[in-house]
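Worksheet: the structure to be examined is printed underneath.
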There are 2 protein chains.
Amino acid sequence: MISSDHVRIVEVGARDGLQNEKTLLPATVKIELIDRLSDTGLQTIEATSFVSPQWVPQLADAAEVFGGIRKKPGVSYPVLVPNMQGYQRALAAGATDVAVFTAASEAFNRRNINASIDESIERFAPVLERARADGVGVRGYVSTVLGCPYQGDVAISDVVRVARRLHQMGCHEISLGDTIGVGTPAKARAMLRAVAGEVPMAALAVHFHDTYGQALANILACLEEGVRVIDSAVSGTGGCPYAKGATGNVASEDVVYMLHGMGLETGVDLDLLINTGAWLATQLHKETASRVTRARTAAA
Amino acid sequence: MISSDHVRIVEVGARDGLQNEKTLLPATVKIELIDRLSDTGLQTIEATSFVSPQWVPQLADAAEVFGGIRKKPGVSYPVLVPNMQGYQRALAAGATDVAVFTAASEAFNRRNINASIDESIERFAPVLERARADGVGVRGYVSTVLGCPYQGDVAISDVVRVARRLHQMGCHEISLGDTIGVGTPAKARAMLRAVAGEVPMAALAVHFHDTYGQALANILACLEEGVRVIDSAVSGTGGCPYAKGATGNVASEDVVYMLHGMGLETGVDLDLLINTGAWLATQLHKETASRVTRARTAAA
C-alpha cells in the first residue's frame with residue numbers, strides 16, 4: 001500500500017507547540033530554535049502565528065521572530081494567519097507561505113471563534129483570494145477531525161466537507177488534526193480514506209496529538225493509507241488546552257525514528273533533531289516528551 | 001486482514017513491571033494489585049517470578065504473593081520460573097501455569113545467564129517435560145527479538161528458530177519480546193510473519209516495551225498481521241535495565257484504549273484498569289506512564 005518512500009515532516013513545534021507552553025521564550029531563543037531546525041534537513045518549518053497577541057501571548061513577537069530567522073534555501077516557513085489583518089502583518093514581516101484554520105466541529109468553532117464552520121471559512125475567503133493574487137501558498141488546518149471537546153463525536157462527512165471546501169478555495173495542502181488526541185487507528189484511517197475520496201492524497205497531511213498515546217499508531221495507519229505529509233513538533237512541545245497536563249503534539253523525533261526504521265526517507269538528520277529537542281526542553285524547563293530522546297539520553 | 005475481534009491481554013505489570021522498578025512494594029500491595037487486576041476482566045495476569053531472590057529482590061516474596069492472591073475463576077495467573085528449582089517452588093506455592101524464558105540473541109544469553117541459546121533451552125527442557133506430566137501450562141518468552149543491547153541486530157532466522165523450538169518442546173504460547181524497545185512497525189511485522197510461518201499465529205503473543213515510543217504502532221502492525229495476544233503492563237510499569245530512566249512496558253490502559261477504539265474486544269473494563277494503574281503509580285511514587293490515564297486525570 002506504500003506509494004512513495006519519501007515522507008515530508010511539517011515541523012510545528014515553534015508554532016503549535018510553543019503556543020501551548022506555559023513558559024514564554026524570548027524571541028532570540030525562538031530564532032535559535034528555528035535556525036537549528038533548518039539545519040536538520042526539515043523541508044517545512046512552521047515559524048510562528050500572526051493571530052492577535054491577546055489570544056496567544058506566547059507568539060506576540062511573531063514579526064520579530066520571522067524577521068530574525070535565517071531562511072534556508074529550499075525550506076518553507078509558513079506562518080499561521082487568522083484573517084486579513086494577520087495576513088497583512090505576515091506579509092509585511094516577509095512571509096511567503098501562510099496557513100489558515102478552522103474546525104470540523106460546529107461546537108468547536110462556536111466556542112473558539114464564535115462562528116459557524118461556514119462563517120469561519122467565509123472569514124478567511126478574502127485571505128485566500130489575496131494570497132492567490134500575491135503568489136502566496138496557503139495551507140489549511142482542519143481541527144477536531146476525530147473528536148471535539150465540546151460536541152464529542154465529529155461526523156466524517158463534516159471533515160470531508162470542510163477539507164474539500166478548503167481545497168476548492170485554493171489551499172494547496174490540508175492538514176487533518178486530531179486536536180484532542182482521542183482518535184484510534186481504524187478511525188483515523190477511515191477518516192483519511194473518506195477525505196482522500198474528495199481531495200487528492202498528495203494534498204493531505206495528518207496532524208496527531210499524543211494525548212492518549214495513540215499518535216504513532218494513527219500515523220502508521222495513515223501511512224498505510226497513503227499519506228506522505230506528517231505534522232509533528234520537536235520534543236513533543238505543546239499540550240492540550242482541553243486537558244491540562246496532558247501530552248501535546250507527537251514528537252518529531254519519535255516520528256522520524258519510526259519512519260527511518262520502516263525504510264521511509266525524510267531527509268532529516270535524526271541526531272541533530274534529537275539534540276535540538278533536548279536543547280528546547282531545557283529552555284522550556286521540562287522533560288522532553290520524545291521517548292527516543294529519553295532513551296538515547298538514558299543510554300548515553 | 002483482521003481475523004478475530006477478540007484480543008487477549010496478558011498483564012505483566014506485577015512481574016515484568018515490578019521487577020524493573022526501584023521501589024520495593026510490600027507483598028500486601030502486590031496482592032492488592034493483582035486482586036484489583038482480576039476485577040478488571042483481564043483473563044491472564046502474570047503474578048510473580050520464582051527466579052532467585054538474589055537476581056530479582058523485588059520479587060523475593062513470590063510464594064507469599066502467589067499464596068495471598070484471590071484466584072478468580074476463569075483467570076490464569078502464570079509465574080516465571082528459570083529452572084526446575086523455581087518450577088518446584090512455584091508448584092509448591094500453588095501455581096498451575098508457568099513461563100520460561102530465553103533470548104533470540106546469543107550475546108544476550110551469554111551476558112545474562114552465561115549460556116548459549118541452545119544451552120539455555122536445554123536448561124529448562126526438564127521443566128517442560130515435568131510440566132507436561134503435571135498438566136501445567138507453559139508459556140515461553142523469547143526476548144531481544146528486534147534488537148539486543150549487546151550485539152545490536154538480531155537475525156529474524158534466530159527468532160524463528162528459538163520460537164519454533166519452544167513450541168516443539170511444548171510451550172502453548174510464545175511471547176515475542178522487543179526487550180529494549182528499538183523495533184519499528186515494518187520490522188515487527190516482518191519478524192512476526194516469519195515466526196508465524198513456523199508456529200501457528202494462535203500460539204503467538206507480542207511483547208513491546210515503549211522505550212522508543214514505538215510500542216503501540218508495533219502492536220498495530222502485528223494486529224494487522226493477525227496476532228491476537230498482547231503483553232502489556234498496567235501504568236506502563238517497569239523500565240529498561242539497559243537504558244536507565246527510559247520508558248518500560250507499554251501501558252495496558254493505552255493498548256486497551258486503542259483496541260476498543262478499533263472495535264476489538266478485550267473483556268477489560270478500561271475505567272477499572274485506569275483506576276488500578278493510577279493507584280499503582282501512587283504506590284510506586286511515580287507518574288503513570290499511561291497517557292490515557294494522564295489525559296483522563298487531567299480532564300477530570
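Every chain is numbered from 1, with letters handed out A, B, ... down the list of sequences. Quick caveat: nothing in here was measured; it's all calculated off a predicted structure.
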>> I'd like to check the side chain to side chain donor-acceptor pair (under 3.5 Å) partners of B:S105; sequence neighbours left out, ordered by chain and number.
In response: B:Q151

> So, for B:D210 and A:R291, which heavy atoms are closest and what is the spacing to 0.1 Å?
Replying inline: OD2-NH1, 2.7 Å

> Between B:G261 and A:K187, what is the shortest heavy-atom contact and its length?
Replying inline: O-CE, 3.4 Å

> For B:V182, is it the side chain, the backbone, both, or neither that has a heavy atom closer than 4.5 Å to a heavy atom of chain A?
Replying inline: both

> Which pairs pass side-chain hydrogen bond (donor to acceptor under 3.5 Å, both in side chains) with one or both residues in residues 264-275 of chain A, sequence neighbours excluded?
Replying inline: A:H6-A:E265, A:H260-A:T266, A:D271-A:R296

> Do any of residues 214-222 of chain A have a heavy atom less than 4.5 Å from a heavy atom of chain B, and if so, which, in residue order?
Replying inline: A:Q214, A:L216, A:A217, A:L220, A:A221

> Can you list every salt bridge (Lys or Arg N to Asp or Glu O under 4.0 Å) pair that touches residues 12-21 of chain B, not counting sequence neighbours?
Replying inline: B:R15-B:E46, B:E21-B:K286

> When heavy-atom pairs shorter than 4.5 Å are enumerated against chain B, which of A:A188, A:P149, A:A186, A:G213 gives the highest number?
Replying inline: A:G213

